[in-house]
Every structure is written in C-alpha cells, then in structure tokens.
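Some notes on the structure that comes next.
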There are 2 protein chains.
Amino acid sequence: MFTLAEENYLKAIFHLEHESSGEVSTNAIAESMETKPSSVTDMIQKLAEKKLVVYKRYKGAQLTEKGKKIAANVIRKHRLWEVFLVEKLNFHWDEVHEIAEQLEHIQSEELITRLDKFLGSPDFDPHGDPIPDKHGVLKRTEKKLLSEIEKTQKGVCVGVKESSADFLQYLDKKKISIGTKITVLGKEFFDGSMIIQVGNEQFFISKTVAENLFVQTL
Amino acid sequence: MFTLAEENYLKAIFHLEHESSGEVSTNAIAESMETKPSSVTDMIQKLAEKKLVVYKRYKGAQLTEKGKKIAANVIRKHRLWEVFLVEKLNFHWDEVHEIAEQLEHIQSEELITRLDKFLGSPDFDPHGDPIPDKHGVLKRTEKKLLSEIEKTQKGVCVGVKESSADFLQYLDKKKISIGTKITVLGKEFFDGSMIIQVGNEQFFISKTVAENLFVQTL
DNA sequence: CTTTATTTTTAGGCTTAACTAAAAATAAAA
DNA sequence: TTTTATTTTTAGTTAAGCCTAAAAATAAAG
Ligand SMILES: [Mn+2]
Ligand SMILES: [Mn+2]
Ligand SMILES: [Mn+2]
Ligand SMILES: [Mn+2]
C-alpha cells in the first residue's frame with residue numbers, strides 16, 4: 001500500500017509530533033532521518049497529495065488521522081517484532097532495533113494479528129515502549145524521567161528514552177533493566193548528576209543517563 | 001549487501017538452472033519473473049559485472065559459485081520463514097509463500113541462525129522443499145513425480161512441485177498432505193490421468209495433478 | 001525598520017529498476 | 001542457402017527517492 005520510504009517518513013513525523021506538539025519542521029524531519037531538507041520537502045509534498053499530512057509551505061507538516069493510523073501501525077509492527085526477537089529468539093535488547101527497522105515494513109495484516117497472539121498480546125516492547133493496538137491507539141502510562149524525581153524517592157525502571165546499543169549496554173553493566181528498583185540517594189544541583197542505589201550497589205550517574213531512563217515513582 | 005531486485009533475479013536463475021541444466025535464457029528469466037526481456041538483459045549485465053553470473057551476449061546467464069551461494073541463502077531464508085509461519089503462527093501451507101517472499105530479504109545473519117535454532121533446524125519447508133544449510137548446500141532427496149510411478153505401486157507424498165494456493169487447496173480437499181500414503185490403482189495411457197487411493201477413498205486425478213506431486217516409492 | 005542569518009523550497013541531476021520500440025543476432029523453415 | 005520467425009540487445013523514457021546549489025521566504029539582530 002505504501003512504500004518503505006513513505007512509511008519511514010510517517011513514522012518519523014509521528015515520533016516528532018509526540019516530542020513537541022504542533023507542526024513538525026522540515027529540518028527536524030531531515031535531522032531525525034539523516035537526510036537532506038530538500039529531500040524532505042519532496043516527500044512531504046507527496047504525502048500531502050495523498051492526504052497523509054497537512055502541509056503549508058514554510059510551515060511544516062502535521063499528520064492527518066489517516067497518516068497517524070498508518071504511522072502507529074508501523075510502530076506497532078516494529079515493537080511486536082522486537083518482542084519476538086527478544087522473547088522467542090533470545091536476542092538481547094540492544095540488538096533488535098536494526099532488524100525491527102526492516103521487519104516493520106512486511107505487509108500482511110494477518111501476519112501481525114497472528115504474531116501478536118503468538119506473543120500473548122504484549123503491551124510493551126523490550127525497551128518499555130507501549131505497543132499501539134490494532135486501531136493505532138497508544139495508551140499513555142504514568143512515567144517520569146529519572147532526572148525529574150527527587151532525593152530519597154524510589155522508582156522502578158519502566159523504559160528508556162534513548163535505545164542505542166551503547167546506552168543499553170551501559171545499563172546492563174550497571175544491572176539496570178525494565179523492572180529494576182532505583183533509589184535516588186543524592187542529586188547534584190550544579191550538573192544534574194546523581195548518586196543512586198540499585199540492589200546493593202550505590203553509584204554515580206550523569207545527567208545524560210538520568211534524562212534517558214523512565215521510571216514510575218513508588 | 002545486495003538489493004531486493006538482485007536477490008530476486010539470483011533466486012530465479014537458481015531455480016531455472018535446476019529445472020534444466022546449462023545457461024538460462026533471457027526469456028526464461030523474464031517469464032518466471034513476470035518482467036520484460038529487456039529488463040532482464042539490463043540486470044544480468046549488472047550481475048555479470050558483480051561476478052554473480054557469467055554472461056555472454058545472446059547465450060544467457062549462469063550463476064557463479066558466489067551467485068549460487070547468495071541465491072541458496074535467500075531460498076534458505078524463504079523456507080525457514082515458511083516453516084515459522086506454519087509451525088509457530090499456524091498459517092496454512094497455502095498462505096505463506098507471499099509473506100515469505102518479503103521476509104526472505106531481511107538482512108541479518110544472526111537472525112537466521114537464531115530462527116533456524118528456534119525452529120529445530122528443519123530440513124524441509126511446509127511444501128516438502130529442502131532447506132539449504134548455512135553454506136548454501138542443498139541435499140537432494142530421492143523423489144519422483146507421482147506421474148512417473150506405475151500401477152499398483154505405493155508412494156508417500158513428500159512435496160509439491162507447484163505450490164500455488166489453488167493447487168494446495170485442491171490437495172486439502174482430497175486429504176493429501178506431506179506424509180500421506182498414495183496407491184496408484186490405475187493409470188490411463190491416453191491422457192496420463194490416474195485412479196488413486198488415499199486412505200479409504202479412491203478417486204480420479206488428472207495428469208496435471210500427478211505431475212505436480214512428489215512421492216517416495218515404498 | 002533594515003540588515004543579516006536561518007530555514008525552506010525550487011531547479012536540475014543522479015541512480016535503480018522498470019518500460020516501449022527498434023535494431024541486431026540467432027534459429028528455424030522453405 | 002536464402003527467407004522468415006524468434007530471441008536478445010540497445011536506445012531512449014519514466015518514476016521514486018535521493019543529492020547539490022541557488023533562490024525565496026521567514027526569523028533574528030542590530
Ligand atoms: Mn526499535
Ligand atoms: Mn523499541
Ligand atoms: Mn514459497
Ligand atoms: Mn515453500
């Protein structure tokens with residue numbers, strides 16, 4: 001129905017709309033897709049013709065309902081495949097993203113219906129990201145960045161903002177995964193760094209780390 | 001490493017080489033891929049530059065060792081995915097080919113290694129076709145077309161030559177699947193039609209059917 | 001309110017993988 | 001061995017999706 005390139009643009013716009021509301025700028029799309037702004041203009045004009053985005057020259061793009069639904073479905077597929085790779089094929093959570101980037105474009109409604117069932121209709125992917133339902137509805141959960149919680153508070157890790165292999169491997173080294181309890185022992189006003197407790201270990205983390213870990217406060 | 005189009009051409013040439021030995025003609029490739037001969041010429045010239053086929057003008061194409069290996073690997077992936085779809089997702093054997101046509105192009109050595117293990121390293125796909133090993137080696141098994149066996153002989157169904165949904169659904173209706181025992185009760189010299197016994201049922205089959213069923217004689 | 005900087009779009013090109021139409025080579029028939 | 005038919009290749013287009021360079025619009029400074 002839609003090309004690989006079209007699906008990737010819709011997905012990128014969808015993610016950017018969730019990061020900051022309103023229209024998404026040409027440059028923002030270009031940056032997130034590692035492509036040139038001129039290429040983005042070409043594509044959003046094509047998507048506008050197909051009524052997948054609303055586009056006004058120099059004003060950026062916004063997904064239509066139809067565009068949103070398609071994007072959410074691609075994301076649903078991506079995340080279901082990530083669950084498959086981790087739960088069934090025993091991949092590690094830092095290895096699955098690239099493969100899911102390919103698998104998310106496989107066209108077959110029936111395949112996804114059956115895959116979802118096979119996996120037990122999971123609600124979250126291996127990185128803690130919610131899986132949209134078959135209608136493209138994404139239920140938002142209560143979660144905060146670790147950087148937002150205060151000294152002496154406890155939280156349980158429910159997801160990662162960044163899911164680069166580097167970051168995930170850092171978390172492994174520190175024994176942090178989805179479900180891990182974290183206590184904030186100290187918070188440095190100056191640079192946002194923290195001292196946290198994980199299990200019996202206490203250690204230092206940078207602001208960068210704290211800003212990329214989602215927690216639910218206990 | 002190789003584009004989707006390149007992989008599909010290599011696969012088609014591989015299959016054609018097994019149907020009749022020697023060079024594969026431009027027209028034969030075009031027909032099997034539902035494309036035009038001029039497009040085929042373009043592509044085999046490109047494949048020849050990449051040393052995946054040997055090509056002499058007006059003489060057709062032949063896979064090099066490298067070309068054969070790549071083709072066999074695509075076929076390996078196709079068949080492993082078909083096993084996955086049938087064994088794990090409970091698809092029916094007439095529904096999996098189109099989806100496997102897409103999945104066979106997913107790029108990840110590790111994925112295939114793990115998928116193969118997950119499936120218990122199967123030797124055959126749901127249509128009875130052998131799955132090449134990781135080095136691209138395809139072990140040939142003893143099998144004949146049902147049309148080649150004689151009256152009063154018995155065989156067990158080990159595969160299908162055609163695997164169109166129409167044919168597979170016909171076989172279902174007749175209760176024939178991989179492993180089914182078939183006895184040839186009569187064979188019409190005139191048109192190659194047969195009377196066969198499957199379970200307690202005896203019925204007529206056309207030459208077309210007999211020429212598309214592989215059996216091992218008992 | 002100009003001037004300058006940034007963002008975005010247009011114009012023109014490139015590559016891949018198709019296509020049609022015409023030319024060239026090979027195979028088959030007379 | 002000509003003539004005819006078939007197969008294959010070449011030449012020239014097209015569409016998608018990218019690119020660079022230049023122009024136009026918008027935003028930020030002075
Ligand atoms: Mn991912
Ligand atoms: Mn994920
Ligand atoms: Mn198949
Ligand atoms: Mn098969």
Side-chain angles (χ1 to χ4, degrees), chain A residues 1-14 16-17 19-63 67 70-71 74 101-102 104-105 107, chain B residues 1-14 16-17 19-63 67 70-71 74 101-102 104-105 107:
Chain A
M1 201 62 186
F2 299 96
T3 68
L4 190 136
E6 287 168 344
E7 288 190 343
N8 281 335
Y9 272 94
L10 292 173
K11 189 170 53 119
I13 298 169
F14 186 96
L16 290 167
E17 280 188 356
E19 278 177 22
S20 55
S21 52
E23 298 87 0
V24 176
S25 78
T26 301
N27 263 5
I29 299 169
E31 195 182 357
S32 89
M33 299 197 58
E34 297 181 341
T35 183
K36 300 291 163 179
S38 55
S39 306
V40 174
T41 301
D42 278 354
M43 182 56 93
I44 58 185
Q45 286 174 350
K46 202 175 114 192
L47 294 176
E49 272 172 36
K50 296 192 176 185
K51 309 284 186 201
L52 300 173
V53 300
V54 293
Y55 164 65
K56 284 196 208 116
R57 283 163 77 239
Y58 294 99
K59 292 287 173 189
Q62 237 180 323
L63 293 174
I70 294 160
V74 175
E101 284 291 307
Q102 299 178 62
E104 73 188 8
H105 301 291
Q107 306 278 8
Chain B
M1 200 63 184
F2 299 96
T3 68
L4 189 134
E6 286 168 344
E7 287 191 345
N8 282 335
Y9 272 94
L10 292 173
K11 188 169 55 119
I13 298 168
F14 186 95
L16 290 167
E17 280 188 357
E19 278 176 23
S20 55
S21 51
E23 298 87 0
V24 176
S25 77
T26 301
N27 264 4
I29 299 169
E31 196 183 356
S32 90
M33 299 198 58
E34 300 183 340
T35 184
K36 302 288 163 182
S38 54
S39 306
V40 173
T41 302
D42 278 354
M43 183 55 94
I44 59 186
Q45 286 174 350
K46 201 175 117 194
L47 294 176
E49 273 174 34
K50 295 191 176 185
K51 310 283 186 203
L52 300 173
V53 301
V54 292
Y55 164 65
K56 283 195 209 116
R57 284 162 76 241
Y58 295 99
K59 292 285 174 191
Q62 236 180 326
L63 292 174
I70 293 162
V74 174
E101 283 292 305
Q102 299 177 61
E104 72 189 8
H105 301 291
Q107 308 276 10

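Every chain is numbered from 1, with letters handed out A, B, ... down the list of sequences.
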Check your understanding: Does A/Y9 reach the side chain of A/I29, with side-chain heavy atoms less than 4.5 Å apart?
Key -> yes

Study note, to complete from the structure: Shortest non-hydrogen pair, A/A5 vs A/M43, comes out as CB-CE, 3.7 Å

Answer yes or no: does a side-chain N or O of [X] lie under 4.0 Å from OP1 or OP2 of [N]?
X	N	answer
B/T3	C/dT16	no
B/S38	D/dT9	no
A/R57	D/dA24	no
B/Y58	D/dT10	no
B/N27	D/dT8	yes
B/S39	C/dC19	yes
A/S25	C/dT7	no

Point to revise | Over 12 foreign heavy atoms within 6.0 Å of NZ, B/K50 | key: yes

Check the distance between [N]'s [atom2] and [X]'s [atom1] and give it to me in whole angstrom.
X	N	atom1	atom2	value
A/E49	D/dA15	CD	C1'	13 Å
B/E34	C/dC19	CD	C1'	16 Å
B/N8	C/dT16	CG	C1'	14 Å
A/K59	D/dT26	NZ	C1'	8 Å
A/K56	D/dA25	NZ	P	17 Å
A/D42	D/dT20	CG	C1'	13 Å
B/Q45	D/dT9	CD	P	7 Å
B/F2	C/dT15	CZ	P	20 Å

Review point. Reckon B/T41 touches a base, only the sugar-phosphate, or nothing at all at heavy-atom distances under 4.0 Å?
Key: base

Check your understanding: Hey, mind stepping through B/I70 and B/F14 against side chain to side chain contact (heavy atoms under 4.5 Å, CB included) and telling me if it holds?
Key -> CA-CA 10 Å; B/I70 293 162; B/F14 186 95; over 6 Å; no

Review point. Starting at the 5' end of DNA chain D, which residue's closest nucleotide do you reach first, B/G60 or A/E6?
Key: B/G60

Review point. Which sits closer to the 5' end of DNA chain D, A/P37 or B/I44, going by the nucleotide each is nearest to?
Key: B/I44

Check your understanding: Are A/K56 and A/E23 close enough for a salt bridge, meaning some N to O gap below 4.0 Å?
Key -> no

